[in-house]
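Contents: one structure, followed by commentary.
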Amino acid sequence: MPDAPLPIDRDSDGTVMSEIGQAPATSPVLSADQGPLVSVRDLVVTLNSANPVQLVRGASFDMAPGEILGMVGESGAGKSMIGTALTGLVASPLAITGGSIHYRGRRIDRLQGEAMRRLRGREIGAIFQDPLTALNPVFTIGRQLVETIGEHLGLSGQAARAEAVSLLAQVGIPDPQGRLDSYPHEFSGGMRQRVVIALALAGRPSLIIADEPTTALDVSIQGQVIELLRDLCARRGTAVMLITHDMGVIAALADRVAVLYAGRIVEIGPVAEVIARPRHPYTQGLMDSIPELGRRLPRLRQITGAMPRPDALPPGCAFAPRCPKVIEACHQAVPAFDADGPHRAACIRTDARVLAA
Amino acid sequence: MTASQLMVAERLSRHFDASPSWLARKLAGTPRRILKAVDEVSFAIPEGATLALVGESGCGKSTAARCVAGLLAPSSGTARYRDTDMREVAKGRAGLRREVQMIFQDPYGSLNPRLRVGRTIADPLVALGIAGSRVERRERVGQLLREVGLSPADAEKFPHEFSGGQRQRIAIARALASKPAFVICDEPTSALDVSIQAQILNLMRDLQDQHGLTYLFISHNLAVVDHMADRVAVMYLGRIVENATREQLFSAPAHPYTRQLIAASPSAGAIGKRHEPMRGEVPNPANPPAGCSFHPRCPAATNICRSERPELRSLGDAREAACHHAEALA
Ligand SMILES: Nc1ncnc2c1ncn2[C@@H]1O[C@H](COP(=O)(O)OP(=O)(O)OP(=O)(O)O)[C@@H](O)[C@H]1O
Ligand SMILES: Nc1ncnc2c1ncn2[C@@H]1O[C@H](COP(=O)(O)OP(=O)(O)OP(=O)(O)O)[C@@H](O)[C@H]1O
Ligand SMILES: [Mg+2]
Ligand SMILES: [Mg+2]
């Protein structure tokens, strides 16, 4: 179709950048108060093998101090991978092969070994999706907390134990004093998850990557953790990247939300906007498939088909094969964002500029 | 109990010794502490129905599920499947082993990292001697992978090559491999995004419609429970405090705890609204409050609640609640 040129998001080669906020290069180093806390540009994460496969394909976003950015999207879309990249834990055969990550104006995606370890924990805390691997089964909960507290805050003995008790109390473990000597297997799934949250808070980081932090938790503890995270953000200016599939949690907690599909951000914007007026057909499908209390349907609505595998992506928009609004042009080129404002979707069907052309 | 009850739990209890080490106990002079993770829990699930188990973290849902699955010996009481003790079923004695499967809360721990996914899914078939030929097995695995939204080619991969939600789907495929009649699902979809969740929940309901599957369904997501359950049992500190039909429970909850749980449920419609947290703290399960264990957090508590433990009793309309004031509060 030789019609109007589509705005193309050429990600890794950097010719066209889908910038959100200001480019990090212009913000002076260490002026943390004005610039974004985190600035990710065109991030590409690749699975290296005989046929390398891009799992994250050019993600760009900023986070301000104290901001909570929600990340939702299809299972396998690359949410955890982005979190892993921010914590510097991408390991072979995976590698960051494009783009950059700046933290307080300083480039961190190439930091190695000790430098990254120091940043992680003290500055960037992580709550991983898998609570069991984060805890060592052979040591008591108390010992693991005390060790981490010692490492990050330099406390030891009674002071460290007191801090451990206070952290456990903050995440809602009943009888925290009495449970210090328990082993991980003696805790319920949700309690283990709360211990992992306590460990991530121990170093008092400025940025927390929380990967499904409340998945294993029931509504009441979820509420408590939500309050705790929100309070931390407000009081200490801690920023949180909240990876979850629970729109209820996003609605209650996040300031902005990014929607991921097949390794790309397909929509980003203020939470209220995105939930009330989702623009990308994938986001719309996602919102439609949420079961609602008090409105039982014979079947839940589901998006037809499955997300393409990262090694077998269709040309053009990766969602096109499942999209109810697909037109021929969707298969031609990867769509760029449809707007410059805070709420933007990568879809040509919502792009007034394309529709007008 | 009528004959059509597929699974019957009777006064099921499971206690854990939660004491500090012997030396620490002696030094601090603290007594032994017994934690009643599951305390005299009774329920019945008719064939083809779904009973949901809900309640706060640590209230004993997974422990009850493991006892029901026969994976954990109860301290007292019984769980019976088709009138056979689950411990016997789990040991494979009554030939019922194939019929009962469990989906675990933790998709990471339940997959063997060294086995290819295809092997893991076919494992129950092999173990039960119903595997069939190599070709049949490969076909069945491929079909299961498609049903949970993965691809047959994924059978060749290892668990670490999958995301969290993909691993949970593998665990679900494995549980469905032997065409079970009764599936115990411990938070089966909480690691899944909502569109995959819709797909899995629809699949589970389809299987129920087509093959009369029976589910014990544990979830903290009340909207999901509302979608899946016929009856809902609410647990608090190891005990069932309300057991009612789905309609009754969500439209007119009888127990004050159920009411708070429903009010605290987050929803996507509640943007920016301050989350309504539960009142008060979850008490220490090793040292539960006297009387009704919910009384310290209950807005309707009176003197009798502080001194006398309410038993689970029928409220006349197929509903049971353990609350002294259930009628007055209704
Ligand atoms: N170590 C690995 N080796 C190969 N592929 C991997 C590896 N880790 C993840 N992947 C693949 O990368 C893609 C992105 O995975 P990621 O864990 O980021 O997904 P996710 O969005 O967090 O999904 P979920 O919601 O299910 O946790 C998936 O297709 C997954 O199969
Ligand atoms: N092996 C064990 N040893 C000691 N205590 C245990 C053991 N397993 C469970 N418990 C305790 O029993 C109680 C109930 O645990 P269970 O795992 O059944 O909770 P749950 O309702 O499934 O919670 P969640 O929603 O967090 O998964 C908890 O207080 C837990 O600490
Ligand atoms: Mg993930
Ligand atoms: Mg559990």
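Numbers restart at 1 for each chain; the letters A, B, ... are given by sequence-line order, proteins then strands.
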Just checking R246(B): does its CZ atom have more than 12 heavy atoms from other residues, nucleotides or ligands closer to it than 6.0 angstrom? yes
Tell me whether the count of non-hydrogen atoms from other residues, nucleotides or ligands lying under 6.0 Å of CD in Q158(A) goes above 12. no
In terms of heavy-atom proximity below 4.5 Å to chain A, should [X] be classed as side chain, backbone, both, or neither?
X       : answer
F16(B)  : neither
L35(B)  : side chain
S219(B) : neither
N287(B) : neither
S62(B)  : neither
L201(B) : side chain

Structural part of [X] lying under 4.5 Å from a heavy atom of chain B:
X       : value
I250(A) : neither
R301(A) : backbone
S289(A) : both
E292(A) : backbone

Please step through side-chain contact (heavy atoms from CB on, under 4.5 Å) for the pair H245(A) and L192(B), ending with a clear verdict. CA-CA 7 Å; H245(A) 51 82; L192(B) 304 179; 5.7 Å; no
Starting at CD of E187(B), measure out to CZ of F217(B) and round the result to the nearest 0.5 Å.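 Interatomic distance, E187(B) CD to F217(B) CZ, rounded to 0.5 Å: 8.5 Å.
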Reported OG-to-CG distance for the pair S49(A) and L94(A), which is rounded to 0.5 angstrom: 10.5 Å
Would you call R296(A) and D226(B) a salt bridge, taking side-chain N to carboxylate O under 4.0 Å as the test? no
Is the closest basic N to carboxylate O distance between R309(A) and D154(B) below 4.0 Å?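 Between D154(B) and R309(A) there is a salt bridge, with a charged N closer than 4.0 Å to a carboxylate O.
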With side chains defined as the heavy atoms from C-beta onward, is the minimum distance between M307(A) and R322(A) less than 4.5 Å? yes
Heavy-atom pairs under 4.5 Å with chain A are the metric here; pick the option from Q199(B), Q197(B), E161(B), Q166(B) that has the most.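 Of Q199(B), Q197(B), E161(B), Q166(B), Q199(B) has the most heavy-atom pairs under 4.5 Å with chain A.
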